[in-house]
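In what follows, a structure is listed as structure tokens, so that the remarks can point back to it.
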Amino acid sequence: MTDELTVSAPGRICLFGEHQDYLNLPVVPAAISLRLTISGTRRADDWCVVTLPDLQAVERFPLGSPLPYRHEKDYFRSAAVVLARHGLTVGTGVEATVRSAIPINAGTSSSSALAVAWVKFLAYMSDQHVALPPLELARYAYEAEVVEFAEAGGIMDQCAAAFGGVLAIEFVPVLTVQPLRVDLKSFVLGDSHEPKDTQAILSRVKNGVLEIVRKLRTIDSEFSLHHAHRSELDRYKHALTAEQLTLLDGTLRNFELTQEARTVLATSPLNHRRIGELLTEHHRVLRDVQRISTPKIERMLDAALEAGAYGGKINGSGGGGCMFAYAPERTGNVVEAIERAGGTAYVVHVDEGATTHGFNEVP
């Protein structure tokens, strides 16, 4: 029995469906064994004090209403606001320390791991003393991270951190999250250390596709990305520019690849090499159509493939950050190759979702 609570949440890679969740198209993410941990206790007063040694920073504020945001991505305050909106109140202060092994602003969902872990932590510490189920946890974290700050992302990252494992996420007709029992082997994550502007890239790609959909619905009110086929794109030539046709074709190709990957992942025995090939095919679309890769990411991916990886892709919104390679064999060679190409390499595996320990072992 202890008064200290420790909450941990994983980072994630997006296997298939990159730049698809905000279009309500299916995605297949996987939680990875790089994690963020929050450890803390109650305080005697009403103050929240969060120490972030990785960033050499401290957040301090009184818990209560009103709770105005002080800066962008003010997730420590927004989580408390969202929980209060849903009837979970934190009547006493808390003191916590946040540590993370997840690369920051690199496409591995460090911010979503933080949002999920912090929402879970505060829900346990609340007057209602609640253990949120994974889908509710993901929804609250999404509100705290994305909705409160009018950002452009979807809910894939929060689901990956809350549920863990490999997930098949569908958004139509309603959000459904299906854990996939699949025995994936080692991945090598490579951090390029190139800075990325996630919101700018998300807005450019998302807005581009949404404008295409808006245009096509003026001539076909029933148009849907879910039911469109690449073989029928000629019918839209008069309504779209050449660049828009290419973006639509790439979006539908990514949708097809995700559907094929779901079939491969559900087939036993698992065809590991085909998974690698599909990852590489997905990356080519992201590179050539969505234009989210960089020369350094390309060098890292080429090096990984030459060293024996089965396939790989850029991870996250792109424009820098991380790539990953599927490397069931010659994993050490792939690590060395990525590092020779200028990246920092991490061997990662599929991992569990958000966990808690301590605080009287809250149910």
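Residues passing the side-chain contact (heavy atoms from CB on, under 4.5 Å) test with Arg230, sequence neighbours excluded: Asp249, Leu252, Arg253, Glu256.
With respect to Phe171, the side chain to side chain contact (heavy atoms under 4.5 Å, CB included) criterion is satisfied by exactly one of Thr176, Leu25, Ile155: Ile155. Each of Val348, Leu189, Val166, Leu34 was scored for a side chain to side chain contact (heavy atoms under 4.5 Å, CB included) with Ile13, with one residue passing: Leu189. With respect to Glu18, the side chain to side chain contact (heavy atoms under 4.5 Å, CB included) criterion is satisfied by exactly one of Asn254, Val28, Asn315: Asn315.
The nearest pair of heavy atoms linking Leu137 to Ala354 is CD2-CB, 4.1 Å. Residue Leu88 comes nearest to Gln128 through the heavy atom pair CA-OE1, 3.2 Å, listed as atom of the first residue, atom of the second, then distance. Considering all non-hydrogen atoms of both residues, Arg70 and Asp74 come closest at N-OD2, 2.8 Å. Closest heavy-atom contact between Leu216 and Ala239: CD2-CB, 4.1 Å. The nearest pair of heavy atoms linking Ile314 to Gly319 is CD1-N, 4.2 Å.
Residues Arg217 and Glu222 are not paired through a salt bridge, judged by the lack of any N-O separation under 4.0 Å between the basic side chain and the carboxylate. Of the charged side-chain nitrogens involved, none lies within less than 4.0 Å of a carboxylate oxygen, so that Asp3 and Arg42 do not count as a salt-bridged pair. Between Glu95 and Arg43 there is a salt bridge, since at least one side-chain N of the basic residue sits less than 4.0 Å from a carboxylate O of the acidic one. A salt bridge is defined here as a Lys NZ or Arg NE, NH1 or NH2 lying under 4.0 Å from an Asp or Glu carboxylate O, and Arg330 with Glu336 fails to meet this definition.
Centroid-to-centroid, the aromatic rings of Trp118 and Tyr75 stay 6.0 Å apart or farther. Taking the six-membered ring where the residue is Trp, the centroids of Tyr346 and Phe187 are separated by 6.0 Å or more.
Within the 4.5 Å cutoff, no side-chain heavy atoms of Glu281 are placed close to those of Val285. Here the side chains of Ser112 and Glu145 are in contact, with some heavy-atom distance below 4.5 Å. Within the 4.5 Å cutoff, no side-chain heavy atoms of Gln20 are placed close to those of Pro26. Counting only heavy atoms from C-beta outward, the side chains of Leu248 and Leu225 approach each other to under 4.5 Å. For the pair Asp46/Phe61, no side-chain contact is recorded, criterion being any heavy-atom separation below 4.5 Å from C-beta on. The shortest distance between side-chain heavy atoms of Leu279 and Phe16 falls below 4.5 Å. A heavy-atom distance below 4.5 Å is found between the side chains of Met156 and Cys14. Here the side chains of Thr6 and Ile38 are not in contact, with every heavy-atom distance at 4.5 Å or above.
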Worked check of salt bridge (Lys or Arg N to Asp or Glu O under 4.0 Å) between Arg77 and Glu59
CA-CA 10 Å; Arg77 290 176 176 83; Glu59 287 277 349; 3.3 Å; yes
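Under a cut-off of 6.0 angstrom, the local environment of CD in Glu232 is crowded, with over 12 non-hydrogen atoms contributed by other residues, nucleotides or ligands. The environment of NE2 in His227 is sparse: at most 12 heavy-atom neighbours from other residues, nucleotides or ligands sit within 6.0 Å. The environment of CZ in Arg85 is crowded: more than 12 heavy-atom neighbours from other residues, nucleotides or ligands sit within 6.0 Å. Atom CD of Glu243 is surrounded by 12 or fewer heavy atoms from other residues, nucleotides or ligands within 6.0 Å.
Between Asp157 and Ser109, the side chains place a donor N or O and an acceptor N or O closer than 3.5 Å (distance only, hydrogens not considered). Judged by distance alone, the side chains of Glu143 and His86 do bring a donor and an acceptor atom under 3.5 Å apart. No donor-acceptor contact under 3.5 angstrom links the side chains of Tyr124 and His129, judged on distance only. Side-chain N/O atoms of Ser317 and Lys196 include a donor and acceptor closer than 3.5 Å. Of the N and O atoms on the side chains of His282 and Glu260, not one donor lies less than 3.5 Å from an acceptor on the other residue.
Relative ring orientation between Tyr69 and Phe149 is described as tilted, the plane-to-plane angle lying within the 30° to 60° band.
Here the CD1-CG distance, from Ile102 to Asp54, works out to 10.5 Å after rounding to the nearest 0.5 Å.
Under the 6.0 Å distance and 45° angle rule, Arg273 counts as a cation-pi partner of Tyr310.
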